[in-house]
Amino acid sequence: MAKEGLGFEITELRLGLPGGSMTEKSVKKRVFSEISEEEKSNGKSQVVGWPPVCSYRKKNSFGDKDGSKTSKFYVKVSMDGAPFLRKIDLALHKGYSDLATALEKLFGEALRDADSCEFVPIYEDKDGDWMLAGDVPWEMFIESCKRLRIMKKTDVKGFGVLQPREALKGTMKE
Amino acid sequence: MMNYFPDEVLEHVFDFITCHKDRNSVSLVCKSWHRIERYSRRRVFIGNCYSISPERLIARFPGVKSLTLKGKPHFADFNLVPYDWGGFVYPWIKVLAETGIGLEELRLKRMVVSDESLELLSKSFVNFQSLVLVSCDGFSADGLAAIAANCRFLRELDLQENEVDDHRGHWLSCFPESCTSLVSLNFACLKGEVNLGALERLVSRSPNLKSLRLNRSVPLDTLQKLLMRAPQLVDLGIGSYVHDPLSEASNKLKHAIQRCKSIMSLSGFLEVAPRCMSAIYPICGNLTTLNLSYAPGIHGNKLTKLIQHCRKLQRLWILDCIGDKGLGVVASTCKELQELRVFPSDPFGAGNDAVTEEGLVLVSAGCPKLNSLLYFCQQMTNAALITVAKNCPNFIRFRLCILDPVRPDPVTNQPLDEGFGAIVQSCKQLKRLSLSGLLTDQVFLYIGMYAEQLEMLSIAFAADSDKGMLYVLNGCKKLRKLEIRDCPFGNAALLEDVGKYETMRSLWMSSCEVTLGGCKTVAENMPSLNVEIINESGQTVFNLDEGQKVDKMYLYRTLVGHRKDAPESNQTYLKCRGDLTRSDHHEPSLNDMIKDMKLKNISGDDDFIISESNNFKLQSQLFEKEEAEIMILKWKRL
């Protein structure tokens, strides 16, 4: 399946050993504390897969002393060139590539009709900033994403952090 | 003196042998027993869906009625396996349907189950009765609707911890009026609303219903109505449990609950107002199983008060907000306790309520029958583990997860080698072990020496060198599953005895030191193993050079070679150089094979795969006789 459109990269946390070559003497296991320090400096707070609690349980039993925690993360998705906005539940997806597949399903027609240009997925975070999707771990992304926009790459120039939000609204087709 | 029995008699005797291991052993006695066992086998367990094909399953067991399949490796639970890795059930259902198998029961774990599969399943097997899905994904409420609508004799629909897209809740209404056969219905993992009227009617017309687990959308008044209609329930999962203890609704609920004198298993409380727990007390005295691990709303003295009513508990799953003191209450109340699972209520381990070694020691002292443990805790000491080992020598499963996985004994600052060493030395029946905390090669020496019955071992952030892994591979003769992450084990350990992996179901190594070259060596020399590489760093394996470490390796024995359904990216299979028919390959002699079999403990495996392997041409060579020269009277448990 041609993935010419959305330009997502799978940005999973990686636990490969640092560097390419290790001398025999220095070959040691990466201690958890080393890894979590590294992850913290990258802005991530957690090592993948630790503690070993299955993802279903993580979504359904944590931190919620008052009872109902909805695990739905519906956000609006707009795509440049598509006539209607859609809504998508981020909690239903496991990662960026899963999301990409879902978006292709939602906007398939508009993607095909667009003159084979590239798209950039961006999202508005809690602070109102527009961010490129794919940098942070998935769990962090769904917590902070307020809405999604699939923007034409050709529109990217001049689109920056300094743009006031009003100007942004003007560029999006409602 | 020889006794020959007609096949029917042997078949009747074999009917009493139900466990997979024993049936596999029976099938290896002689050709005649192999044949009879084959045709009479109804229940088959396949621990790795890629170890064999559905065609070969049917060829061996044409009478199969119940199939259990497992797909993804265990570490998939912790997001270490790409979600599109595989484990599709559709090809299995398709082949079973096409071959006219009379499937009645399907139990799946960690498999991808599409709506299409469910629909095909529901339409292909007239007598289909039981569907159990654990930790599966890929389906929606539409698939469930097909099952409900088409399986006329459905007895069991059990959904455990699946990720289901159920935004359309009409599936419950799809059970026809004629469906009255339900014995077990568990939809606790569904997030969406269900048609409450349809649910009530369904329960009303299911006189055999014994197990009912609701999801959080089912409100209290519906619960009360359901209990009034099904007082015969044995197992109840409560969805929403929010009510004002002084209200009429609460009174009605109390009355309904009191009528349910058979409830022995209780779970759920997915939404809960803890001041109402007293309504449950009347049934607590009968409970043998209590699962409150999805009920963070019940804590503190509400929780301990509840537990104090449960004197007959054998199995308890709770969150660590119970605290060490709460575990003390468990220890003094639940004298019949066999299984305890304590889950973390805060994934980042910062909670003040979490449990420590003290809670575990209390439980071990108070509950001598304890044999199965899963314990997430802040810290552990060697002294505590040694005490636990003394108090509870009967552990079969011992899984300890210290939230900081390299934490030493906080009192002595030593690694936890001695503590775990005491566990494996004392618990001679130990089959499953998960380690954590600061650990050196020494703990693995102990495991290799003492853990003679060990079948599954999970290791993370441990050991100093290859020696650790070698101790385990050399010592644990019954090892079937080994899963390792973030340990300094490399090619020397991996390659020491590649034949060992044929006696195991699988080996997982991630973030270790094994290189592409090492993995290739295994694959090239062992045609009976699939070696899969998953590289996250964006490089396809073809771009790696042999000296580079692989991120993740998963190898498993198989009779059917490479699978064709792997995702395009991120994975590859290392091709085997040639196969067994090469002229320069050394055919083992019969004596070699028998010796090998004994050394590798071939029988006593619940996986029948090994006896299908081409390496053991059992049928023609090993069994010299058509009939066993064994008197039935001398036959002992194999």
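In what follows, chains carry the letters A, B, and so on, assigned in the order in which the sequence lines appear, proteins first and then strands, with residues in each chain numbered from 1.
Listed options Phe489(B), Phe269(B), Tyr294(B) were ranked by heavy-atom pairs under 4.5 angstrom with chain A; first place goes to Tyr294(B).
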* **Step-by-step salt bridge (Lys or Arg N to Asp or Glu O under 4.0 Å) determination, Asp137(B) to Lys72(B)** => CA-CA 11 Å; Asp137(B) 62 86; Lys72(B) 300 180 192 182; 3.5 Å; yes
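For chain A, the nearby part of Phe376(B) is the side chain; its heavy atoms alone come within less than 4.5 Å. Contacts between Ala460(B) and chain A at a heavy-atom distance below 4.5 Å involve the side chain alone, from C-beta outward. Contact annotation for Ser293(B): both backbone and side-chain heavy atoms come within less than 4.5 Å of a heavy atom of chain A. Heavy atoms closer than 4.5 Å to chain A are found in the side chain of Phe343(B), but not in its backbone.
Contacts of Phe139(B) classified as ring pair (Phe, Tyr, Trp, His ring centres under 6.0 Å), with partners at least two apart in sequence or in another chain: none. Judged as a side-chain hydrogen bond (donor to acceptor under 3.5 Å, both in side chains), and not counting sequence neighbours, the contacts of Ser114(B) are Ser117(B).
Checking side-chain atoms of Asp165(B) against main-chain N and O of Ser140(B) turns up no donor-acceptor pair under 3.5 Å.
Note: Phe141(A) and Tyr96(A) have tilted aromatic rings, judged against thresholds of 30 and 60 degrees for the angle between ring planes.
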